[in-house]
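Owing to the predicted nature of the structure, the values given are computational and were not obtained by experimental measurement. Whatever order the structure lists ligands and atoms in, that order sets their numbers, starting from 1.
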Amino acid sequence: MKLSHNVLIVGAGPAGLGCALALQAAGVEDVVVVDEKGIGASFEAWPEQMTLLTPSFHSNNFGFADLNAISPETSPADFLNTQHPTGKDYALYLRAIVKHYELSVEPNVRVTSLRRVRDAFEVQTSKGLRTSRFVIWAVGEFARPDLGGIEGADFGLHNSRVRDWEQLALTGDVFTLIGGYESGIDAAIQLMQLGKKVHLLSRGHPWDSDDPDPSRALSPRTRDRLKNALLEAPGTIHFYKNAEVLAIRPVRSGFELDVRDGKPFHSPTPPILCTGFRSAIEPLRDLWEWKKGSPIFSEAADESTLTPGLFYSGPSLQHRGMLFCFIYKYRARFGVIAREIAGRLGIDIGDGLDLWKQRGFLLDDLKCCSDCQCAVEPEQDHQLNQHAEVIEYAVAA
Ligand SMILES: Cc1cc2nc3c(=O)[nH]c(=O)nc-3n(C[C@H](O)[C@H](O)[C@H](O)COP(=O)(O)OP(=O)(O)OC[C@H]3O[C@@H](n4cnc5c(N)ncnc54)[C@H](O)[C@@H]3O)c2cc1C
């Protein structure tokens, strides 16, 4: 069969473009990136006010890559002159990368299905059939909100659907948030700073978590922002811990939320669900092996263990119980995927990926992902506890 491409990458976000750059450095030709919308579309859809929480800092000359860079030689901080880019800023950086490195990106091409035929893939797209020797699935999670299994979730609003907190704030004075991780706390701060009263209900109390994995605990930046916001206007966020919302119902005066082991909670405005996202692998469920609800990735190169030649890059990646959900984590595997594909195509990489290895974009020793000892016992967050009003929901009920 005459193939359209060596490698077809689905998704022109940081993961797809990062893989395209690594493949270029490895000398792989005939690589195309397709995207149903365009370059950095998920970042374009972020609320106006939201910024990356991982800080950007240009230190390449000292051998460290900017935490938000998708290649060893670029820096969003240097390019955008900011430490915490907005979504629109970051999309600008991605577009500049595509232009500078002359990557082949086709917008407005939606992949609807793919299947392996002998040693290649037939990929159905909104613009017709493509064939490719390898496929890298890099569609991200942003388009797949997790509604947390809450009955009547459609009466609420998932935080990924908010385009502008200022506009939303015009719709009421009191808001209820469900979920207390990064998105929930960000939403709480945004609304509080707009003079709104916020009730934040959470299954546990993640704002107090001391998990060593930054994917499972609040980032220092978010803690700082929260502390500052509370100091400016203490008491305008009410935290309800152990308040697991089971259902949302419209009532005459707004919405009623059923809370496990607690009395119903009333919200005058549609509750905002900050309940996370579903795996990017879900659309390819049958092509992937799953264990306990999570997809399995080969440790050799993040490939499907069921479908050879199908790779994944992005925030749904997991190895040894660790989540690779930030850019600085999953980019560590761009070089690994590129090296594997180049090897199978019989390409001599030479020193093409040396810099990628030196700067942490080719991490092939996953020992770092297990037995994480990086956290010492954290200091108690006195300031947060002093200024926040935390209510034990079940007891209060
Ligand atoms: C609220 C929030 C805050 C975050 N903050 C940070 C942070 O501070 N630091 C950090 O490192 N990470 C952060 N992240 C995570 C970061 O945004 C993701 O890791 C990143 O967007 C994932 O990149 P990606 O390339 O996998 O997916 P995306 O950026 O979502 O790109 C996927 C692309 O695939 C396209 N696509 C989807 N389906 C198809 C299809 N069927 N056919 C063709 N194209 C398709 C989409 O249009 C999209 O352009 C945050 C995420 C969220 C939601």
Side-chain angles (χ1 to χ4, degrees), residues 8-21 32-47 49-56 65-70 76 83-87 89-91 93-95 97-98 105-114 123-127 130 135-146 158-162 165 179 181-187 190 214-215 218-222 225 272 274-284 302 312-317 323-334:
L8 185 126
I9 301 176
V10 191
L17 297 175
C19 286
L21 290 171
V32 69
V33 185
V34 296
D35 196 291
E36 64 176 339
K37 293 179 184 137
I39 300 163
S42 298
F43 288 88
E44 291 280 2
W46 278 21
Q49 298 81 2
M50 201 167 89
T51 61
L52 280 170
L53 57 95
T54 44
S56 273
D66 182 317
L67 275 191
N68 298 315
I70 60 164
Q83 191 179 20
H84 293 282
T86 62
D89 287 338
Y90 196 73
Y93 161 72
L94 295 179
R95 284 201 294 276
I97 292 256
V98 170
V105 180
E106 293 181 29
N108 307 317
V109 179
R110 174 173 169 74
V111 169
T112 51
S113 69
L114 62 95
V123 183
Q124 277 301 342
T125 80
S126 51
K127 298 262 173 81
R130 303 288 180 93
V135 170
I136 302 177
W137 189 251
V139 303
E141 300 175 336
F142 195 72
R144 256 171 292 285
D146 182 350
H158 192 269
N159 70 296
S160 63
R161 299 294 181 257
V162 176
W165 288 108
Y181 281 100
E182 291 290 343
S183 308
I185 302 292
D186 179 62
Q190 301 283 359
S215 316
L218 285 189
S219 69
R221 169 168 158 85
T222 304
R225 289 177 62 219
I272 302 169
C274 306
T275 37
F277 297 87
R278 301 199 315 272
S279 172
I281 303 294
E282 274 192 4
L284 300 184
D302 305 343
Y312 170 73
S313 180
S316 299
L317 185 65
L323 306 170
F324 285 55
C325 64
F326 288 115
I327 293 159
Y328 76 88
K329 293 179 169 188
Y330 61 74
R331 75 179 183 192
R333 303 287 288 178
F334 291 165

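Checking side-chain atoms of Gln49 against main-chain N and O of Trp165 turns up a donor-acceptor pair under 3.5 Å. Judged by distance alone, with hydrogens and angles left aside, the side-chain atoms of Arg331 form a donor-acceptor pair with the main-chain N or O of Leu67 at under 3.5 Å. No donor-acceptor pair closer than 3.5 Å links the side chain of Tyr90 to the backbone N or O of Gly40. No donor-acceptor distance shorter than 3.5 angstrom exists from the side chain of Tyr328 to the backbone of Thr54, with no hydrogens or angles considered. Side-chain atoms of Glu182 come within 3.5 Å of backbone atoms of Ser219 as a donor-acceptor pair (strictly under, hydrogens ignored). Without hydrogens or angle criteria, Ser313 side chain to Ala138 main chain gives no donor-acceptor distance under 3.5 Å.
Residue Ala12 places no N or O, backbone or side chain, under 3.5 Å from any N or O of ligand 1. Considering both main-chain and side-chain atoms, Arg144 never comes within under 3.5 Å of ligand 1 through any nitrogen or oxygen pair. Annotation: Gly40 places no N or O atom under 3.5 Å from an N or O atom of ligand 1; distance criterion only. Checking only distances, Phe43 never comes within under 3.5 Å of ligand 1, N or O to N or O. Between Tyr328 and ligand 1, no pair of N/O atoms sits closer than 3.5 Å.
Closest approach of Asn108 to Lys127, counting heavy atoms only: O-NZ, 3.2 Å. In terms of heavy atoms, Val111 sits closest to Trp137 at CG1-CZ3, 4.1 Å. Counting all heavy atoms, side chain and backbone alike, Phe334 lies closest to Cys19 at CD2-SG, 3.8 Å. Closest heavy-atom contact between Asp35 and Gly13: OD2-N, 4.4 Å.
When non-hydrogen atoms are compared, ligand 1 lies under 4.0 Å from neither the backbone nor the side chain of Ala143. Counting heavy atoms under 4.0 Å from ligand 1, residue Met50 touches it through the side chain alone. At a heavy-atom distance under 4.0 Å, only backbone atoms of Val109 (N, CA, C or O) approach ligand 1.
Near Cys325, meaning under 4.0 Å from any of its heavy atoms, are these atoms of ligand 1: 15 (C), 19 (O). Within ligand 1, counting atoms from 1 as listed, the ones closer than 4.0 Å to a heavy atom of Pro315 are 19 (O), 22 (C), 26 (O). The atoms of ligand 1 that sit less than 4.0 Å from any heavy atom of Phe277 are 53 (C). Near Thr54, meaning under 4.0 Å from one of its heavy atoms, ligand 1 places the atoms 7 (C), 8 (O), 9 (N), 10 (C), 11 (O). Within the listing of ligand 1, atoms 26 (O), 27 (O), 30 (O), 32 (C) sit less than 4.0 angstrom from a heavy atom of Gly140. Near Ser42, meaning under 4.0 Å from any of its heavy atoms, are these atoms of ligand 1: 28 (P), 29 (O), 30 (O), 31 (O), 48 (C). Taking a cut-off of under 4.0 Å to the non-hydrogen atoms of Gly314, the atoms of ligand 1 that pass are 26 (O). Within ligand 1, the atoms closer than 4.0 Å to a non-hydrogen atom of Gly38 are 49 (O), numbered from 1 in the order shown.
Counting protein heavy atoms only, atom 31 (O) of ligand 1 is closest to Gly13 CA, 3.6 Å. The nearest protein atom to atom 43 (C) of ligand 1, hydrogens excluded, is given as Glu36 N, 3.2 Å; this is a heavy-atom distance. For atom 47 (O) of ligand 1, the nearest protein heavy atom (residue, atom name, distance) is Asp35 OD1, 2.7 Å. The protein heavy-atom contact nearest to atom 40 (C) of ligand 1 is Val111 N, 3.8 Å. The protein non-hydrogen atom at the shortest distance from atom 25 (O) of ligand 1 is Ala15 N, 2.9 Å. Atom 8 (O) of ligand 1 has its closest protein heavy atom at Leu53 N, 2.6 Å. Nearest protein neighbour of atom 34 (O) of ligand 1, counting heavy atoms only, is Gly11 CA, 3.3 Å. In terms of protein heavy-atom proximity, atom 11 (O) of ligand 1 is nearest to Ile327 N, 2.7 Å.
Taking only non-hydrogen atoms, the option from Phe326, Tyr312, Trp137, Tyr330 nearest to atom 19 (O) of ligand 1 is Tyr330. Taking all heavy atoms of Phe142, Trp46, Tyr90 into account, the minimum distance to atom 14 (N) of ligand 1 is reached by Trp46. Distances from atom 7 (C) of ligand 1 to the heavy atoms of Leu52, Asp186, Val10 put Leu52 nearest.
Residues His158 and Phe277 bring their aromatic ring centres within 6.0 Å.
The closest side-chain donor-acceptor pair between Asp186 and Ser183, if any, does not fall under 3.5 angstrom. A donor and an acceptor atom, one from each side chain of Asp66 and Ser56, are located under 3.5 Å apart. At a cut-off of 3.5 Å, with distance as the only test, no side-chain donor of Ser126 or Glu36 sits close to an acceptor on the other residue. Remark: the Arg144 side chain and the Ser316 side chain contain no N/O donor-acceptor pair separated by less than 3.5 Å.
Aromatic ring pairs are classed by plane angle as parallel below 30°, tilted from 30° to 60° and perpendicular above 60°; the pair Trp46 and Phe43 is tilted.
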